Amino acid sequence: ALKESAAFFEKAIELDPNFAAAYARKAEAYLWLESWSVLSPNEVYPKAWPAAARAVELDPDLAEAHLVLGRLKGQFERDWIGAETELKRSIELSPNFADGHLGYSWLLSRMGRHAEALEEARRAQSLDPPMSPQVQEVFAFCYFHGRQYDQLLKHCLLWSQAQPHRP
């Protein structure tokens, strides 16, 4: 489905080469393809980076564009300062955009700033449905990288108990 979504965003860009959100979402789809190990980083970066940069160029006030650019800078370039700048800009542009807070939380945890990361995750949780898988994943990431293993275990157990049981 992620490959299909990337193709749909490509089609949207063909129809309207100035559609900034399509470029941002195309880049995001590629980031998820790498995160889920569908494509290698070497396949993703050359497709995601130009799309993210074009999205910001077309619409410098698009929060989603700064989010994906920040994720690319952190995940692929290890440019923590550049990533933080982009992610903070995303939140500044759209303070109620839960994904911006999730991206910033992930980055803060990667930078070893776990208390701040958990605070950003809580902000995202207040904006997104509390049991959103993305929110729960970021909490687990923060607890794991912050070496808060008791909290991680507790979190995962609560999350699994809240899930509907399938036969």
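Values below: all heavy atoms of this structure, side chains included; hydrogens, waters and symmetry mates excluded. This structure is a prediction, so every number in the text was calculated from the model and none was measured.
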If hydrophobic clusters are built by linking Ile, Leu, Val, Met, Phe, Trp and Tyr wherever their side-chain heavy atoms come under 4.5 Å apart, do [X] and [Y] end up in the same one?
X	Y	value
L33	F76	yes
F97	L107	yes
L15	F9	no
I13	F8	no
L72	I91	no

Write down the atom of [X], the atom of [Y], and the distance for their closest heavy-atom approach.
X	Y	result
A117	C142	CB-SG, 3.6 Å
S94	A63	CB-CB, 3.6 Å
G70	A83	O-CB, 3.3 Å
A121	V138	CB-CG1, 4.1 Å

| Please walk me through it: do L102 and W106 pass side-chain contact (heavy atoms from CB on, under 4.5 Å)? | CA-CA 6 Å; L102 289 175; W106 172 86; over 6 Å; no
Supply the atom-to-atom distance [X] [atom1] to [Y] [atom2], rounded to the nearest 0.5 angstrom.
X	Y	atom1	atom2	answer
D99	L127	CG	CG	10.0 Å
L69	W49	CG	CH2	4.5 Å
S5	E10	OG	CD	11.0 Å
L118	E120	CG	CD	10.5 Å
L108	R110	CG	CZ	12.0 Å
L87	H66	CG	NE2	10.5 Å

| task | Evaluate the side-chain contact (heavy atoms from CB on, under 4.5 Å) criterion for residues D79 and I81: first the C-alpha distance (whole Å), next the side-chain angles of each, then the deciding distance (0.1 Å), finally the verdict. | result | CA-CA 6 Å; D79 174 4; I81 294 169; 4.2 Å; yes
| request: Might you work through the side-chain contact (heavy atoms from CB on, under 4.5 Å) test for R25 and E64, ending with a clear yes or no? | output: CA-CA 8 Å; R25 294 301 185 178; E64 292 87 345; 3.4 Å; yes
| Do F141 and H145 pass the ring pair (Phe, Tyr, Trp, His ring centres under 6.0 Å) test, and can you show the C-alpha distance, the side-chain angles, and the key distance before you say yes or no? | CA-CA 6 Å; F141 183 88; H145 288 281; 4.2 Å; yes
| message | Restricting to side chain to side chain donor-acceptor pair (under 3.5 Å), what partner residues turn up for Y23, sequence neighbours left out? | response |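 So Y23 forms no side chain to side chain donor-acceptor pair (under 3.5 Å) with any residue.
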| request: Return the set of residues passing side-chain contact (heavy atoms from CB on, under 4.5 Å) with D61 (not counting sequence neighbours), or none when no residue passes. | output: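 D61 satisfies side-chain contact (heavy atoms from CB on, under 4.5 Å) with D59, R89, L93 once adjacent residues are dropped.
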[Y] side chain reached by [X] side chain, heavy atoms, under 4.5 Å:
X	Y	value
S40	V44	no
F139	Q151	no
K3	L39	yes

| request: Give me the one residue out of R78, E77, E84 that meets side-chain contact (heavy atoms from CB on, under 4.5 Å) with W80. | output: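 Of the listed options, the one satisfying the test is R78.
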| request: Count the heavy atoms of every other residue, nucleotide or ligand shown that sit under 6.0 Å from CG of D16, and state whether that count exceeds 12. | output: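 Correct, the count exceeds 12.
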| message | Is it true that, when you exclude F144 itself, more than 12 heavy atoms of the residues, nucleotides or ligands shown sit nearer than 6.0 Å to its CZ? | response |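 It does not: F144 CZ has 12 such atoms or fewer within range.
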| task | Evaluate side-chain contact (heavy atoms from CB on, under 4.5 Å) for H114 paired with S105, printing each intermediate quantity in order. | result | CA-CA 8 Å; H114 305 295; S105 177; over 6 Å; no
| message | For Q136, is there any backbone N or O sitting under 3.5 Å from a side-chain donor or acceptor partner on H155? | response |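 It does hold such a pair.
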| said: Tell me whether the NZ or CZ atom of R71 lies within the 45° cone about the ring axis of W32 and under 6.0 Å from its centre. | reply: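 Checked: cation-pi criterion met.
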| said: Assess, by modelled atom type and distance only, whether the side chains of E34 and Y45 contain a donor and an acceptor separated by less than 3.5 Å. | reply: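 Per modelled atom types, E34 and Y45 side chains form no pair under 3.5 Å.
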| field | Donor + acceptor pair across side chains of Y30, E43 (<3.5 Å) | value |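 No, no side-chain donor-acceptor contact under 3.5 Å.
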